[in-house]
Each structure stands twice: as C-alpha cells, then as structure tokens.
Amino acid sequence: MNTYAIDFETYYDKETSITTLGTWHYLRHQSADIYMVAIKGPGVDFVGPPKNAPWDKIDGQRWVAHNYAFDGACVERLHELGVMTARPKEFFCTANLAAYMGAPRNLAGASKQLLGVDMSKDPRSGMKGKTWNEVKDTDQGHAFKLYAAKDAQHCLELYETFGNRMSAVEKFLSKHTVEAGWYGINVNSQLVDKGLNALDWIRIKAIEHMPWKKDGDYTSDVLSISGLAKACREAGIEVPPSTSEDDPGCQIWEDTYGEKFPWVGAMRDWRKANMLLQKMHVLDKRKRPDGSMSYGLKYFGAHTGRWSGDSKFNLQNLPRDPCFGVDIRSCLVPRSGKKFIISDLSQIEPRVLAWLAGNTALLEAVKNGYGIYEAFAISTGMWKGEKGTFKKSKELYALAKAQVLGLGYGCGAKKFVLVSKLMAGLNITEARSRELVDDYRRKNFKVVELWGKLERGLRESKGEDYHVELPSGRAQKYWDVTPQMGKHGRPDWRASLELGGPKYPLYGGRLCENLVQATARDVFAECIQRLENQGLRVLFHVHDEVILEVDKDVKCKDVDHIMSTTPEWLPGCPIGSESKEAECYEK
DNA sequence: TCGTAAGGCGCC
DNA sequence: AAAGGGCGCCTTACGA
C-alpha cells in the first residue's frame with residue numbers, strides 16, 4: 001500500500017469559518033468552496049482543483065492529512081457533491097500524531113519541532129475573504145499553490161518519520177476520536193429552544209440590577225469592573241476586591257453590601273446564564289438536518305494524553321447541575337430506537353496512585369469489596385470495621401476522603417485547608433491541616449518515595465529530556481530539563497510540557513500527578529477500544545466516563561464487565577466501573 | 001481592527 | 001522547603 005498526503009484548501013472569511021459554524025456547516029455554507037487540493041506521494045505530485053486531481057491513482061491507498069477531522073470532512077463533502085468517488089483504505093491524522101509525540105498540533109509547529117523545518121509565515125491568512133478565482137492567476141495564487149504543496153510534503157514526512165511510533169490502540173483512538181465527532185450526538189431541539197428563552201430572560205433580569213448599564217444595550221460592558229467600581233464610588237461604598245464566588249474578600253463585600261446593592265450577584269448570574277446560553281446557541285446552530293450535531297474533541301489534547309475539548313462546544317465541561325432551571329446535559333439524547341448507557345471508572349486515579357506507589361494493602365482491601373476511602377482508612381490503620389460501614393463514621397470518612405483526594409500529589413498544609421473544604425466539606429485550622437498532611441505522608445511513605453524518585457529522575461535529566469515510562473509502555477515526556485535560579489538561591493526545576501513550548505516549574509508531587517493522570521488515561525483508553533470492539537458505540541467520553549448509544553437490549557452489567565478489565569500491564573490493580581441507563585445525558 | 005492577557009468558572 | 005494537576009471559553013482590558 002502506498003501513502004499519500006492530502007491537504008485541502010477552502011474559502012474562509014469572518015462569517016464563513018469553522019469556529020463559527022462547526023466543520024459540517026462550514027463546508028455546506030453558501031460561500032463555502034473547496035477550491036484546491038495538494039496530493040503528494042509515490043508517482044503523484046498534484047496541486048489544483050479537486051475535480052482535476054488524480055484520484056484514481058490514490059484510490060484504495062493510505063491517505064494521511066494534517067487534521068483528519070477537517071480533510072476527511074472535505075472528502076465526505078466532495079463525495080456528496082459528486083466531485084470524487086475515491087476512498088482511502090485507511091486515513092491517518094498527522095496532527096494527532098504530532099500531539100501524541102508531544103509536539104505542537106499545528107503543522108507549522110509540528111514541522112519545526114519534529115522535522116526541523118521552518119515554514120514561512122502562513123500564506124493562508126492572506127487568503128482570508130479571497131476566492132480562488134480572484135487570485136488564481138496572480139503571484140499570490142502561485143505562491144499559495146507552492147505553499148499547499150509544501151504542507152502536503154511536510155505532512156507526508158511526519159507520517160513517514162514518526163507514523164510507526166503510535167501503538168495499535170493509539171492509532172485506533174486517533175481515528176475513533178475524529179469519527180465519533182463526525183457521527184455526533186442527537187439534540188433535543190425543543191429543550192434547547194426552551195433553554196434559550198429562559199436564559200435570555202435571566203440575562204435581561206440580571207442587567208436590571210446593574211446601574212452602569214444603559215437601557216437597551218444587553219450585550220456590552222455587563223461584566224465591566226470599571227463600571228462596577230464607578231457605581232460603588234457613587235454609592236459611597238467600598239469596591240469589592242473581585243467578583244469571584246471563591247474570593248473571601250468578595251464574600252465579605254457581598255455579606256456587607258449585597259442585599260442593598262445586588263450588583264456582584266447580578267454579574268455572576270449574568271455570567272452563568274450567558275455561559276449556558278452560548279453553549280445552547282451552538283447546539284441550536286450546529287444541528288444537522290437529521291437532528292444531530294457533530295462535535296470536536298482533541299485526541300491527546302493534554303500533555304498527559306487526556307482528550308480536550310474543541311471548537312466552542314466543549315463536551316468535557318458541561319455543567320452537571322441545572323442552572324436557572326436549564327439543564328444543558330438533558331439536551332443531548334439518544335437517537336430514536338437507542339438508549340444511553342453512561343459508565344464511569346470508579347476512583348481510577350487513587351487506585352492507580354496506589355498501584356504505582358506499591359500500596360498493595362489498599363488495593364487488596366478494594367479488591368475485597370471495601371470502598372476506596374474505607375480501604376485507605378484500613379490500610380493506614382485509622383479505622384477497622386465491617387465492610388461498607390465506614391461511611392457512618394462521618395468525621396473519619398470526610399477525613400479519609402479529603403486525604404485520599406487531596407494529599408497524593410504534594411499538597412501542603414496551607415492549601416489543604418481549602419482543598420479539604422472543597423473536596424470533603426471539612427472545616428479545619430491550619431495547625432490541624434499540618435497534622436493531617438504529616439500524618440498522610442508518614443503513613444503513605446511509599447507515595448512520598450514516589451515523589452522523590454520522580455524528582456530525582458527529573459534532576460538527573462538536566463540538559464536532556466525526561467521521559468517517564470508509563471505502565472502501558474507509553475511515556476510521559478518533559479522536554480529540555482533546565483534548572484533556573486529561583487528565590488533564596490535555590491534552583492527551580494523546569495521543563496517544557498510540549499516540544500519547543502514554555503517551561504513550567506516541576507516537582508515530585510506534580511510529576512506524580514501527571515504520571516497518575518496519564519496512566520489512568522491509558523486504562524480508560526483501552527476501555528474505549530474494548531467497548532467498540534464489542535460493537536458498543538462510544539458516542540463521546542469525558543476523562544473517565546463513556547456515553548454509549550446502544551440498542552435497548554444492551555445491559556449495564558455487560559458494559560461493566562467490559563469496563564472493569566485490568567490491563568495486562570497493570571496486574572493487581574482492581575478496575576471497577578459504575579453504569580446506568582439514561583434517556584438523556586446526565587451526571 | 002486585530003491579537004493576547006487576565007479574571008472568572010465549567011468539568012474530571 | 002514547599003508546591004495538587006489537566007483542560008476550554010466567556011468577557012473585558014489593553015496595546016499594536
């Protein structure tokens with residue numbers, strides 16, 4: 001099989017853009033035009049209009065593109081338009097490959113970091129708002145053709161040089177991520193319409209409480225700090241230090257003045273309603289004729305390998321709870337005749353941490369059916385009792401929960417006061433916090449040793465890259481480790497998380513957190529593959545949660561069985577899941 | 001008129 | 001010595 005790089009060039013302007021419309025609607029927009037394709041590979045070196053391309057020469061071969069999500073969508077569109085009928089045997093995404101390698105996802109950055117070639121400043125930006133007919137016989141047109149050919153060349157080189165670095169499961173996931181996005185999610189339009197109206201009203205009511213707002217203008221200066229400050233001065237009251245819910249200073253301001261001057265609360269209401277409104281708007285605008293909406297998800301969007309959101313509608317941070325009576329998750333529904341099964345891995349990160357640290361006592365307790373906080377309490381000797389009864393010891397339970405969730409990655413006493421409050425509702429003094437932190441570190445010395453081991457590894461990599469091998473065989477990468485003089489004359493250890501990217505201070509706790517997140521991601525990644533291999537459609541996924549769109553006869557226990565499989569590279573680590581059926585996406 | 005930084009906030 | 005981390009996107013502010 002031969003490999004051919006293909007790169008489409010399309011018309012775009014401010015209105016006609018992927019960010020505004022989403023890829024599907026963009027390619028079907030009135031002014032859309034796929035006017036050029038560059039193809040490079042054995043015996044083919046073509047740049048020109050898609051209708052003239054030598055498709056017959058590359059039919060049934062391997063195609064690679066730098067952004068399968070886009071170029072693959074162009075292929076689909078050209079099929080619809082009857083411009084081409086050729087199809088690849090397989091389609092490989094070099095943007096996903098670049099991300100997997102730890103390089104920038106964009107082609108210029110990837111080529112620079114991985115191939116060492118500097119690309120000239122993006123001639124594509126010069127094409128904004130220009131049709132191909134306008135420029136095709138000009139210098140700009142000729143230059144643009146060369147540029148497109150170069151893009152295809154670099155794409156091909158990326159594949160040829162690094163394509164074999166991805167394991168089978170990673171190749172599968174790269175493809176699956178893109179294609180699941182195209183398949184998309186069915187949308188309940190009636191709920192969306194209702195939500196849009198409700199939220200619009202909330203925004204209007206909120207603005208009525210903002211004296212700095214002029215009548216009739218509902219969109220600008222709503223969150224203006226200077227507007228708020230001016231109003232406060234005119235009312236002869238203090239200006240709040242911030243408008244954040246989490247800022248104690250702001251809370252005091254609200255307690256003092258909030259009732260008489262409900263301004264900060266109104267800003268917060270507006271912000272929350274607006275956030276939801278914008279998302280609902282995307283749901284509305286991106287709906288396809290069949291009632292579904294495609295979505296974007298970035299394979300390897302985070303340096304730990306986790307997926308990240310994309311293109312205005314981020315599936316990974318939809319509010320869990322209804323806000324102003326509007327529940328955005330419930331707008332995502334199964335296609336007719338199907339149902340959702342939502343399944344998530346149970347406490348995957350604490351379990352993985354225990355495995356990595358070699359805390360077999362905790363893992364054994366979990367295997368024997370104890371809950372993770374219970375197991376932690378037993379393994380550290382803070383509690384002993386009947387299975388499943390630990391929750392009754394409310395204070396101890398909250399304590400164990402806070403320690404498990406908050407102290408595995410080096411959190412100190414000061415921070416733990418806040419973290420324990422947030423995670424377990426604890427209310428402790430700093431002195432008590434100090435005790436708890438010390439207690440955790442003493443009893444979980446293996447975790448502390450892991451921090452130390454990772455930090456030593458980092459320091460020993462001075463002047464080089466630091467690759468932490470993951471149990472799966474993949475590696476967590478830190479580029480170009482450099483000590484930098486910090487305060488008090490002690491060095492701050494820094495490295496890039498992305499090849500050629502900015503450097504961040506690193507330390508044992510943080511390296512440990514990355515290692516755990518990356519390992520948990522690998523466990524989850526194999527779940528996705530197993531589910532699909534069993535014919536269960538993974539509609540989308542959120543870090544440790546899959547949303548399956550399946551036939552009505554599929555049972556939760558079958559899903560749990562597939563999810564709860566310990567990878568062969570993580571022997572002895574209990575993997576569990578919780579699944580439920582649903583008629584819409586829900587927490 | 002643009003791009004970017006910062007504050008704020010949503011999720012795991 | 002001590003340090004939770006990983007994202008994306010809304011708005012406003014600000015500078016080129």
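In what follows, every chain begins at residue 1, and chains take the letters A, B, ... in the order their sequences are listed. Bear in mind the structure is a predicted one, so any value in this text is a computation, not a measurement.
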*Asks:* Quick one: is C:dA13 close enough that its OP1 or OP2 comes under 4.0 Å of any side-chain N or O from A:S224?
*Replies:*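 Yes, such a contact exists.
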
*Asks:* Assign A:L515 to base, sugar-phosphate, or nothing according to its heavy-atom contacts below 4.0 angstrom with the strands shown.
*Replies:*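 The residue A:L515 makes no contact with any strand.
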
*Asks:* Of all the choices, C:dA2, C:dG8, C:dT11, which nucleotide is nearest to the side chain of A:S308 once you look at every atom?
*Replies:*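 My answer, after comparing the listed nucleotides, is C:dG8.
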
*Asks:* Determine the contact category for A:Q347: base if any of its heavy atoms lies under 4.0 Å from a base atom, sugar-phosphate if only primed atoms, P, OP1 or OP2 are that close, otherwise nothing.
*Replies:*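 Contact class for A:Q347: none.
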
*Asks:* How long is the line joining NZ of A:K298 and P of C:dG6, in whole Å?
*Replies:*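 So the two atoms are 15 Å apart, to the nearest Å.
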
*Asks:* Using a heavy-atom cut-off of 4.0 Å across all strands, would you classify A:K279 as base, sugar-phosphate, or nothing?
*Replies:*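 No contact.
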
*Asks:* Contact class for A:D344 (heavy atom, under 4.0 Å): base, sugar-phosphate, or nothing?
*Replies:*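 A:D344: no heavy atom of the nucleic acid under 4.0 Å.
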
*Asks:* Just to be sure I understand the rule, does A:G309 reach a base, reach only the sugar-phosphate, or reach nothing, if contact means heavy atoms closer than 4.0 Å?
*Replies:*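 Sugar-phosphate, backbone atoms only, no base.
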
*Asks:* Using a heavy-atom cut-off of 4.0 Å across all strands, would you classify A:M423 as base, sugar-phosphate, or nothing?
*Replies:*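 Here A:M423 touches the bases of the nucleic acid.
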
*Asks:* Just name whichever nucleotide pairs with C:dA13, Watson-Crick or G-U, keeping both distances under 3.5 Å, else none.
*Replies:*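 Partner of C:dA13: B:dT4.
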
*Asks:* Can you tell me how far P of C:dA2 sits from CG of A:L511, to the nearest Å?
*Replies:*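 Rounded to the whole Å, the gap is 18 Å.
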
*Asks:* Have a look at A:G410 and say if it touches a base, only the backbone sugar-phosphate, or nothing, with a 4.0 Å heavy-atom cut-off.
*Replies:*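 The answer is base, as A:G410 lies within the cut-off (heavy atoms under 4.0 Å) of a base atom.
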
*Asks:* For A:D310 and for A:T304, find the nucleotide of DNA chain C with the closest heavy atom, then tell me which residue's nucleotide is more 5'.
*Replies:*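 So the residue in question is A:T304.
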
*Asks:* Just N and O in the side chain of A:Y507: are any of them under 4.0 Å from OP1 or OP2 of C:dG5?
*Replies:*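 Result: yes.
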
*Asks:* Check the distance between C:dG5's C1' and A:Q476's CD and give it to me in whole angstrom.
*Replies:*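 In whole Å, C:dG5 C1' lies 11 Å from A:Q476 CD.
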
*Asks:* Measuring centre to centre across the rings, with the benzene-like ring taken for any Trp, is A:F540 within less than 6.0 Å of A:W307?
*Replies:*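 Judged by ring-centre distance (under 6.0 Å), A:F540 and A:W307 do not meet the cut-off.
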
*Asks:* Grab the CD-C1' distance between A:E513 and C:dC7 for me, whole Å please.
*Replies:*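 So the CD-C1' distance, A:E513 to C:dC7, works out to 12 Å.
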
*Asks:* Could you state the CG-P distance from A:L450 to C:dG4, rounded to the nearest angstrom?
*Replies:*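 After rounding, the gap between these two atoms is 17 Å.
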
*Asks:* Taking A:R510 first and then A:E513, would you say they form a salt bridge - that is, a charged N and a carboxylate O separated by under 4.0 Å?
*Replies:*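 A:E513 and A:R510: not salt-bridged.
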
*Asks:* Below 4.0 angstrom, N of the basic side chain to O of the carboxylate: do A:R434 and A:E430 qualify?
*Replies:*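 Between A:E430 and A:R434 there is no salt bridge, as every charged N stays at least 4.0 Å from the carboxylate O atoms.
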
*Asks:* Figure out the NZ/P separation between A:K230 and C:dA13, and round it to whole Å.
*Replies:*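 Taking NZ of A:K230 and P of C:dA13, I get 13 Å after rounding.
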
*Asks:* More than 12 heavy atoms of other residues, nucleotides or ligands under 6.0 Å from CD of A:E578: is that the case?
*Replies:*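 At most 12 heavy atoms, drawn from other residues, nucleotides or ligands, come within 6.0 Å of this atom.
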
*Asks:* Using modelled atom types only, decide if a donor and an acceptor are shared between the side chain of A:H541 and the backbone of A:L548 within a distance under 3.5 Å.
*Replies:*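 The answer is no, because no donor-acceptor pair under 3.5 Å joins these two groups.
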
*Asks:* In the structure shown, which nucleotide is the Watson-Crick or G-U wobble counterpart of B:dC11, with both distances under 3.5 Å?
*Replies:*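 Pairing partner: C:dG6.
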
*Asks:* Could you run through nucleotides 2-12 of chain B and give me one letter per nucleotide, 5' to 3': B if any protein heavy atom sits under 4.0 Å from the base, S if only the sugar-phosphate is that close, - if neither?
*Replies:* S----BSSBBB

*Asks:* Which is more 5' along DNA chain C, the nucleotide nearest A:E455 or the one nearest A:A302? Just name the residue.
*Replies:*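 In this pair, the answer is A:E455.
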
*Asks:* Output the rounded distance in Å from CG (A:D269) to C1' (C:dC10).
*Replies:*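 Distance, rounded to whole Å: 16 Å.
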
*Asks:* Report yes or no: does A:R351 contribute a side-chain atom to a donor-acceptor pair with the main-chain N or O of A:P574 at less than 3.5 Å?
*Replies:*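 The answer is yes, because a donor-acceptor pair under 3.5 Å joins these two groups.
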
*Asks:* For the side chain of A:T519 and the backbone of A:L515, is there at least one donor-acceptor N/O pair under 3.5 Å apart?
*Replies:*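 Yes; at least one donor-acceptor contact below 3.5 Å.
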
*Asks:* Should the pair A:K477 and A:Y100 be classed as cation-pi, given the thresholds of under 6.0 Å to the six-membered ring centre and 45° from the axis?
*Replies:*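 Yes, A:K477 sits over the ring of A:Y100.
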
*Asks:* What integer distance in Å separates A:K414:NZ from C:dG4:P?
*Replies:*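 So the two atoms are 11 Å apart, to the nearest Å.
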
